[in-house]
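So you know, we letter chains A, B, ... as the sequences are listed, proteins then strands, and number each from 1.
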Number of protein chains: 2
Amino acid sequence: MSRTQRSQLRPPRPGIRGRGIPEATVARLPLYLRALHALAERGVATVSSEELAAAAGVNSAKLRKDLSHLGSYGTRGVGYEVQYLVYQISRELGLTQDWAVAIVGIGNLGRALAHYGGFASRGFRIAALLDAAPGVVGQTIAGITVEPIDDLERVIKEQGVSIAVLATPAGPAQLVCDRLVAAGVTSVLNFAPVVLSVAEGVHVRKVDLSIELQILAFHEQRKSGGTVMDAERLVRELDAVDAVDAVDATEAAGEAAEAAEAMEGMRQ
Amino acid sequence: MSRTQRSQLRPPRPGIRGRGIPEATVARLPLYLRALHALAERGVATVSSEELAAAAGVNSAKLRKDLSHLGSYGTRGVGYEVQYLVYQISRELGLTQDWAVAIVGIGNLGRALAHYGGFASRGFRIAALLDAAPGVVGQTIAGITVEPIDDLERVIKEQGVSIAVLATPAGPAQLVCDRLVAAGVTSVLNFAPVVLSVAEGVHVRKVDLSIELQILAFHEQRKSGGTVMDAERLVRELDAVDAVDAVDATEAAGEAAEAAEAMEGMRQ
DNA sequence: CCGACTTTGTGCGTACGTTCACAAAGGCGT
DNA sequence: ACGCCTTTGTGAACGTACGCACAAAGTCGG
Ligand SMILES: NC(=O)c1ccc[n+]([C@@H]2O[C@H](COP(=O)([O-])OP(=O)(O)OC[C@H]3O[C@@H](n4cnc5c(N)ncnc54)[C@H](O)[C@@H]3O)[C@@H](O)[C@H]2O)c1
Ligand SMILES: NC(=O)c1ccc[n+]([C@@H]2O[C@H](COP(=O)([O-])OP(=O)(O)OC[C@H]3O[C@@H](n4cnc5c(N)ncnc54)[C@H](O)[C@@H]3O)[C@@H](O)[C@H]2O)c1
């Protein structure tokens, strides 16, 4: 058919020769790091992949594969040296240097973040707080004076901020983000419930509590809606549908587990 | 039915997961929902997958596939009816009913969450606040009185709480979680930097701001050394490296992609 | 120095997720 | 009534992630 030879069209760009660490792995490294810190504090010198994986709540094979992306840092028959591994992961994550972080939007959330001590201990220094409200600007929070948003560009540059936390309302978020990026910020942690669009090369991660709750609600509904997704029953119904081959077979199959059909009538 | 009469070619058997919606899709539905709400507020009646995808910041094919898991709710040549889609997604996510949510640990973060209005508007009713500190218990926050942690079981049951937000320090988190689950909670949104272990059937989602920052730092480190990460340039240089396959790649390439290689030598 | 034992690092099969591309569906103008 | 144009829904290719299972590598007691 006409659709085939695509594989030749694109010069294959396979894995960039080992250097690129999978995103999924990167997301787990902080987890390992935390577990390792806890072990180090307890004076543990050496840990096996099995133990560390248990502490981090992951499969041990996955942990080993993750670590193998950083290099061969384990000793067969023994495990990993805790201190050494802490250092290697820290280095890989860029935590051996200090990062200046700015928080923009010092409301309920921004305030809580500013007070939180868990950042400094990981190499993130809160270098500036910014807000637009006259009542907020000038306040001192956790030892830092809130600066006016008009000074954004100056503050970002003076402090060498490259990572910003965005905690303004949704409305001004994109605008503020644009200014941050223009001022030199290249990573944004966004709490505002909006999809930010940024230039290529700028990294945005979002934290959206509403979304998390909605995902939980989805699963919650599954649980309460009848018994726990009875697989047997579902199969039986699908088979029944196959046998009958009724008019709306597809739809019935699609909605087998529930009476969405009834809802259909509710529309409008 | 009025809607469709899909091709008879394919036996209606998408697999044993007739009703199972992929987790990745579930995670995006709230995003679509938010975009749809915004459209509805602007009075838009109909939207194409292309437009909606842009608003949600995803690929349009992905959006269509996601929606196709809910049913065939679009009209070819036209798009999706906004109101109808809002209803269908809401129903799928279980947002047509009200969920009673408890927040445990009313410190910096718990307080911010309690004050946040964005939950109620999505069908999440904050039904209880719980804390252990005598100074906090009895306070009224956002119209709700903080109850003592000793009353956890009673409160959870009285209010019919099935979703809890855990915002205590890391130390007591697992213990509190166990009590919550024992009292009937089956979904937990965890802010404490610990890996919670729960019985099967209980859903835990975690929000960890430190981890998010560390992931950003990782990417930030990759960028620094060059100016603004120019994707084209990077690819060109990587190709060069591949071709040469030598230890001494260009300096710029070394910084961008081969940094870890050099570090490799530093070990020991 | 050896052989038993432990644990790593990874090949491989499988499952899941993403994206492309297009036939089929349906509206709409004429 | 018809053909054009837009857009959906989905098959298929591709890519990424996961976890099992095991050979290789190393430790350690004797
Ligand atoms: N508080 C929560 O628990 C929570 C939960 C989920 C999401 N969020 C989101 O996080 C963001 C912040 O929430 P919040 O509860 O702190 O809101 P908030 O209203 O308490 O605080 C917002 C702060 O941003 C400031 N601000 C407004 N416009 C600004 C601008 N242009 N530049 C700089 N600062 C500006 C305001 O002065 C205010 O201090 C919101 O987008 C909210 O939707 C908050
Ligand atoms: N504040 C932040 O920005 C932030 C950021 C990332 C992570 N976190 C995490 O979120 C959690 C809460 O952070 P926070 O800043 O609000 O801390 P916090 O110390 O301000 O508040 C913790 C609250 O939990 C209460 N508490 C302690 N033990 C309890 C128990 N056994 N039962 C019930 N309540 C108990 C305390 O009385 C206190 O009110 C912590 O685990 C923290 O690591 C917070």
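Ring geometry, His219(B) versus His203(A): the interplanar angle falls under 30°, so the pair is classed parallel (tilted spans 30 to 60°).
Between Glu81(B) atom CD and dG26(C) atom P there is a gap of 16 Å when expressed in whole angstrom units. The CG-P distance, from Leu52(A) to dT6(C), rounds to 20 Å in whole Å. For the pair Leu63(A) CG and dT8(C) P, the computed distance is 8 Å after rounding to whole Å. Protein atom OH of Tyr73(B) is 19 Å distant from nucleotide atom C1' of dT7(D), rounded to whole Å. Between Asp66(B) atom CG and dT8(D) atom C1' the separation is 14 Å, expressed in whole Å. Between the P atom of dT10(D) and the NE2 atom of His69(B) lies a distance of 10 Å, rounded to the nearest Å. As a whole-Å value, the separation of Glu23(A) CD from dG17(C) C1' is 15 Å. Straight-line distance from the CD atom of Glu50(A) to the P atom of dG9(C): 14 Å, rounded to whole Å.
OP1 or OP2 of dC20(C) has at least one side-chain nitrogen or oxygen of Asn59(B) nearer than 4.0 Å. In terms of phosphate contacts, Tyr80(A) brings no side-chain nitrogen or oxygen within less than 4.0 Å of OP1 or OP2 of dG26(D). The phosphate of dC20(C) (OP1 or OP2) has no side-chain N or O of Arg64(B) nearer than 4.0 angstrom. For dG26(C), neither phosphate oxygen OP1 nor OP2 lies less than 4.0 angstrom from any side-chain nitrogen or oxygen of Thr75(B). Between Ser72(B) and dG9(D) there is a side-chain polar atom (N or O) within less than 4.0 angstrom of OP1 or OP2.
Among all heavy-atom pairs drawn from Glu220(B) and Trp99(A), the shortest one is CG-CZ3, 3.2 Å.
Side-chain N/O atoms of Lys65(B) and base N/O atoms of dT19(C) include a donor-acceptor pair closer than 3.5 Å. Contact annotation: side chain of Lys62(B) to base of dG17(C), donor-acceptor pair absent below 3.5 Å. The base of dT7(D) has none of its N or O atoms less than 3.5 Å from a complementary donor or acceptor on the side chain of Arg76(B).
Arg122(B) is not listed as a side-chain neighbour of Leu213(A), based on a closest heavy-atom distance of 4.5 Å or more.
In this structure, Ala61(A) reaches the bases: a heavy-atom distance under 4.0 Å links it to at least one base atom across the strands shown.
From Ile163(A), atom CD1 reaches atom CZ of Arg205(A) across 12.0 Å, with rounding to the nearest 0.5 Å. Atoms CD1 and CG, from Ile211(A) and Leu216(A) in turn, are 12.0 Å apart once rounded to the nearest 0.5 Å.
Residue-to-nucleotide proximity on DNA chain C shows that, of Gly77(A) and Leu67(A), the 5′-proximal contact is made by Gly77(A).
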